[in-house]
**Q** 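One structure is given below, represented as structure tokens, and several questions about it will come after.
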Amino acid sequence: MRVLRRLLKKYRDAKKIDKHLYHQLYLKSKGNEFKNKRVLMEYIHKAKKEKLLEKTLADQAEARRQKNKAARERKVESAASKVEKYEEPPAPEPTPAPAPAPAAAKPKKSKK
């Protein structure tokens, strides 16, 4: 157990592991989860690799969100410019024409 704690201290001082991982691994080594130094080192490499993968995926997701947001904004702007381009200026309201003068009454033809 001393060997494992010494290794953890050495890795933490060399900045190979951060303080959070150090604390987690310290408690696991105290609980006798690691059989020997080699198993602990393998676990550390695996944990670091997993953390790096999570960070990479998070960065990719953030980049995808930014790209989609920019595309949505471009789409909205393009639609607005198209509507503006094809929109006709409002036509002036037509003035009502004067009512036609009543025509002289014509005699109706009767049907026989």
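In this chain, residues are counted from 1 in sequence order.
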**Q** Side chains of K10 and K16: does their closest heavy-atom pair fall under 4.5 Å?
**A** no
**Q** Could you tell me which non-hydrogen atom of S29 sits nearest to which non-hydrogen atom of M1, and how far apart they are?
**A**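 Minimum heavy-atom contact is O-SD, 3.5 Å.
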**Q** What's the separation between atom NE2 in H45 and atom CD in E42, rounded to the nearest 0.5 Å?
**A** 8.0 Å
**Q** So M41 and L7, side chain to side chain contact (heavy atoms under 4.5 Å, CB included) or not? Walk me through it.
**A** CA-CA 9 Å; M41 288 172 59; L7 178 70; 3.6 Å; yes
**Q** For a 4.5 angstrom cut-off between non-hydrogen side-chain atoms, does D18 reach K51?
**A** yes
**Q** Any side-chain heavy-atom pair from K9 and Y26 closer than 4.5 angstrom?
**A**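 Counting from C-beta outward, K9 and Y26 never come under 4.5 Å.
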**Q** Would a 4.5 Å heavy-atom cut-off, applied to side chains only, mark L8 and I44 as touching?
**A**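 SC-SC contact between L8 and I44 confirmed.
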**Q** If you round to the nearest 0.5 Å, how far is CG of L21 from OH of Y11?
**A**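 Interatomic distance, Y11 OH to L21 CG, rounded to 0.5 Å: 11.5 Å.
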**Q** So which pairs with a foot in residues 25-37 pass salt bridge (Lys or Arg N to Asp or Glu O under 4.0 Å), sequence neighbours left out?
**A** K28-E33
**Q** Could you list all the side-chain hydrogen bond (donor to acceptor under 3.5 Å, both in side chains) pairs where at least one residue sits in residues 60-69, not counting sequence neighbours?
**A**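 For residues 60-69: E62-R65, E62-Q66.
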**Q** Check step by step if side chain to side chain contact (heavy atoms under 4.5 Å, CB included) holds for Y43 and F34.
**A** CA-CA 9 Å; Y43 188 89; F34 302 113; 3.6 Å; yes
**Q** Is any NZ, NE, NH1 or NH2 atom of the basic residue among K46 and E50 found under 4.0 Å from an Asp or Glu carboxylate oxygen of the other?
**A**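 Judged by the 4.0 Å cut-off on N to carboxylate O distance, K46 and E50 do not form a salt bridge.
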**Q** Are V3 and I17 connected into the same hydrophobic cluster when the rule is that any two of I, L, V, M, F, W, Y join if their side-chain heavy atoms are below 4.5 Å apart?
**A** no
